[in-house]
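Throughout, a chain's letter reflects where its sequence line sits, starting with A, and its residues are numbered from 1.
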Amino acid sequence: MKYPLVSICIAFSLGILAGIFFKIGFLFLYLIAVTLFILSIIFIKQNLKFNIFILCIVFFLGAAVLKSSQAFPPCHISKFTQHKSEPVYLIGIIDSDPVYKDKYTSLVFKTEELQKGNTRKKTCGDVLVKIYNKDEFSYGDRLFLEGKLSRPFSFSKDFDYESYLKLRNIYSVLSVRARNTVKFLDKGIGNPIKSFAFRMKHRMSEVIIANLPTFSAGILSAIILGDRENLPLYVKDALVKSGSVHIIAISGLHVGIIAFIILAILKIIRIPVKFQYITAIILLILYCILTGARTPVIRATVMAVVLLFGYFLRRQVNIYNSLSIAALAIMAVNPQQVLDVSFQLSFLSVISIIWLSPKIKSLFSKELYRIKWLRFLILAFSVSTAAWLGLLPLIAYYFKIVAPVTILANMILIPIMSVIVASGFTLALTGILIPGLASIFAESCNFIILTLVKINSLLITLPGAYFKISGLSLAYVFIYYAFLMLIFNFAKIKKMI
Amino acid sequence: MLNLTKHEKYIITFLLFIALLGIGLRFYKNTSNQAILKSPIPQSLLERPAVINVNRASKEDLIALKGIGPKLASRIIEYRKENGNFSKKEDLKKVRGIGPAKFEDIKEYIKVE
């Protein structure tokens, strides 16, 4: 098999799913994995048996990793958190870039000590803190907080807030009101690389806000910095309806464009080729941290790093193997990501494009490829249709919407979004290095953003652009994918029969 | 099935060994590590700040004031060393980092003696 990592990745993810749905203890899974490991060493020279044992080990390892991630140490803050809120004192370090909302600041707090009543304990684990005062907080601040600690609860039936936070390893929330005590014990004691990345993000954000109108600044911040706080809600809603909301989720296309810009700049300033790749890898990792290290950008960054490393080592890189490495890396750190809609959509979109787009392209006559603009149009149509076909049932299942206009929307909006990413980055970097020139880039950037919003709003007014559905059963999702594989592999299956 | 070369088999076997060992150790650590009980948090952190004399306050006393962090507390003490004691509360605004807004927040909790 050309893609050994794909089998390993599938076995690992199936193991995680088995661990989620079946109540089996960690020790049992671990002992089976160890037994299989011993057997694999015994049969290392017999290829078939060895391969089977390896895949079985990886399966049980996936389940064991999941069980291990669910076993919290006795110091974990979730063990001291009740469903009903209760007053506590917490000492810890800010472990995220604080988000300033209208009435409160939201941040992830890595706890160190807890006092409840007269009992003081050393603690570990993260808490989501909402602080209702106007102080300025930064990543790496050590704080003393007085507030009310509780388990998260969901306000609405449509959105499971508790599960959403669980996927981010957060099991407790702390509410700190204006009258409660907040004291700064120390500053700047976080990871220096993360600290640098967040400072860069703030600097770029300041440039964007200073040079663009509020409306465009909110959209550009979402597209290039992953900051959706100031994104107008109706713009997000319109993008959901046109099936193009992924353009404001930093993912493969954004990372690809940024990698291209970085390599182009490094080439112009005559950096040796190998150093170009290493520099690009470092900057992409910084960009991943800067944008909040969400699943789609981690996936894209890992794939880009593997690709660049392949170029550095002059080895051929296989896209399926690099996709599998990205998936394994994410699942090994947080196995429950398998259930995250963002994880599923991110990987499925890439798989759909890689697998389906060549098959759709092959449906067109070879004569059409002679004309350059037609060739480009067919490529755009194939990629857009492949992504739409691949994600259609999942989007219907999770968001209860079907948007046929997505194919046309992506063909038009993706190129415009690419120009926005490139010009937005140019604006941000120019604003930092040569502030006087920023306003020139700001004008063109603003124009392109407004054009994108206008075109999107026109697309959703087309007849049959989108329609909402009441819901879709998971069984239909599986049937759809089985049907899709049958249609696009029909010739192969016919040959086998 | 996986079509692995001899070296790839050894590498995968080694990686799986490390992964199994690591998971086992992590699970053992998670289930056996005990939270340590300490004495209660110092009273100075728990109490609301009393009125403090900025000419005699230590760094910890100054940190207890709302909006004053470790760096700003150090700057106040340095200003005191270089320029002598503050003669009135408003002199605090001469310290870099204490503007009108911050002064308003702390003026009820400070005195000058």
Under 4.0 Å between a side-chain nitrogen and a carboxylate oxygen: does that hold for A/Glu112 and A/Lys122? no
Residues forming a side-chain hydrogen bond (donor to acceptor under 3.5 Å, both in side chains) with A/Ser172, sequence neighbours excluded: A/Thr81
Need one label for B/Tyr10: side chain, backbone, both or neither, based on atoms under 4.5 Å from any heavy atom in chain A. side chain
Counting only heavy atoms closer than 4.5 Å, note whether B/Leu72 contacts chain A via side chain, backbone, both or neither. neither
Please determine if A/Lys187 and A/Asp141 form a salt bridge, counting it only when a charged side-chain N lies under 4.0 Å from a carboxylate O. yes
Decide, yes or no, whether a salt bridge links A/Glu86 with A/Lys148 under the criterion of side-chain N to carboxylate O below 4.0 Å. no
Distance under 6.0 Å and angle within 45° of the ring axis: does B/Lys9 meet both against A/Phe50? yes
Strictly by modelled atom types, are B/His7 and B/Thr5 linked by a side-chain donor-acceptor pair under 3.5 Å? no
Spatial distance of atom CZ (A/Phe53) from atom CD1 (A/Ile44) [nearest 0.5 Å]: 12.5 Å
Answer key: most heavy-atom pairs under 4.5 Å with chain B among A/Phe26, A/Phe37, A/Tyr30, A/Phe184 is A/Phe26
Can you list the residues of residues 91-99 of chain B that sit under 4.5 Å from chain A, counting heavy atoms only? none
